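First the structure, in the form of structure tokens, and then the observations on it.
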Amino acid sequence: MIDLHAHILPGIDDGPSGIEEALAMMEAGRRDGVTGAVCTSHVLDRFDVATESRLADAFSELRKRATLAGIRMDLWLGAEIHMNVSLDPVPPAATIAGGGKYLLLELPLNDIPHDADDKLFQLTIAGYSPILAHPERNAVLAQKPERVYNLVERGVLMQINAGSLTGEFGYRIRKAAETLLDHGLVHFIGSDCHNLRSRPMRLSDAFRAAARRAGEDTARELTEANPRRVVSGEPVWTPQPVPFTQKKSWFRFR
Ligand SMILES: [Fe+2]
């Protein structure tokens, strides 16, 4: 499996405390079946030349130390960019693996900035493929899943967290993740790992949960094939989205 969303660069964000924890996270991921990861540290205010060189330095150091430690895991550089960060123009280094196509973007957890939809559409019009990180954790999208559907219809891709699908963020978020999956609105499952203990690099449990719900082929697309297409700059597989026919909340079955 390839982890498209991993906070494993030390000293950049709220990820690992140091290089030793980062390497231990990768070793744990390797034992879990993760053979490649995109380093997606938070970028919260601006993506400038200083940001770019900070990320690049931390990335090459981690790659060097992982090789020395004998950890067989492919690494690519990316970032998890907050929706408030200006991306006009898009710095090439802000795209995953510098490929100039895929961007991992995050919303605040509790609301959606008024211009977020417009920013996403502008990116798609400009030929980028924005990937929204963990929409199931956003309170607004949780109440209005048809907004996720509308975004997907207009070319936005969705990455849910492994821990959401396995219930680690609670019942509501698990239900939200399952609803997205049931409606063909999920394109990737990432670990969103931050540390060794409470937010580890683990995808296998979520793979099994997705396989039970959507079938093994889909689970493989979301954890292996689609992430690989992203780092290779190829078009991803997208399921047919299922519209929300009635107005309903994801949580009505509660
Ligand atoms: Fe993240």
Side-chain angles (χ1 to χ4, degrees), residues 1-17 21-22 24-26 28-29 32 34 36-47 51-52 54-55 58-59 62 73 75-85 87 93-97 102-113 116 119-120 129-142 148 151 156-170 173-174 176-177 180 186-203 205-206 222-223 226-227 230-231:
M1 295 175 286
I2 294 177
D3 191 358
L4 195 67
H5 186 160
H7 299 260
I8 48 173
L9 297 182
I12 300 283
D13 60 1
D14 55 345
S17 56
E21 185 174 18
M25 288 166 74
M26 290 172 68
D32 189 61
V34 180
V38 184
C39 304
T40 53
S41 302
H42 290 289
V43 172
L44 299 172
D45 46 9
R46 69 184 70 82
F47 203 110
T51 309
E52 188 176 329
R54 205 166 55 241
L55 291 174
F59 177 71
L62 179 64
M73 183 178 286
L75 292 176
W76 297 272
L77 182 56
E80 181 180 17
I81 304 168
H82 198 277
M83 281 302 304
N84 291 335
V85 174
L87 289 173
T95 60
I96 292 175
Y102 294 99
L103 292 150
L104 183 67
L105 301 172
E106 72 170 327
L107 290 166
L109 287 184
N110 294 321
D111 57 11
I112 300 181
K119 273 185 172 174
L120 290 165
S129 290
I131 301 169
L132 203 55
H134 41 69
E136 77 282 4
R137 298 191 66 194
N138 177 275
V140 178
L141 295 179
V148 178
L151 290 168
V156 181
L157 300 167
M158 299 291 161
Q159 174 260 312
I160 62 169
N161 280 4
S164 299
L165 213 48
T166 56
E168 275 156 56
F169 299 108
I173 290 177
R174 177 163 67 82
L180 288 181
V186 177
H187 307 96
F188 314 96
I189 298 172
S191 78
D192 198 4
C193 60
H194 278 68
N195 55 51
L196 189 57
R197 302 277 165 231
S198 60
R199 304 281 299 274
M201 182 183 278
R202 191 163 62 221
L203 291 176
D205 295 343
L222 306 185
T223 56
N226 263 355
V230 166
V231 295

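Just so it is clear, the model here is predicted, and its values are computed rather than measured. Order of appearance sets the numbers: ligands from 1, and atoms from 1 within every ligand. Along the sequence shown, residues are numbered consecutively beginning with 1.
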Using 30° and 60° as the class limits, which term best fits the ring planes of His42 and His7: parallel, tilted or perpendicular?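 The arrangement is tilted - the two ring planes meet at 30° to 60°.
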
Just wondering, is there an N, O or S atom on [X] that's nearer than 2.8 Å to the Fe ion (ligand 1)?
| X | result |
| --- | --- |
| His42 | no |
| His7 | yes |
| Asp192 | yes |

Measuring only between side-chain heavy atoms, which start at C-beta, is Asn138 closer than 4.5 Å to Ile112? yes

Would you check if Trp76 and Ile2 make a side-chain contact, meaning some heavy-atom pair closer than 4.5 Å? yes

Of all the N, O or S atoms in Glu80, which has the shortest distance to the Fe ion (ligand 1)? OE1

Please round to the nearest 0.5 Å and tell me the distance separating atom OG1 of Thr166 and atom CG of Asn161.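 The CG atom of Asn161 is 9.5 Å from OG1 of Thr166, to the nearest 0.5 Å.
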
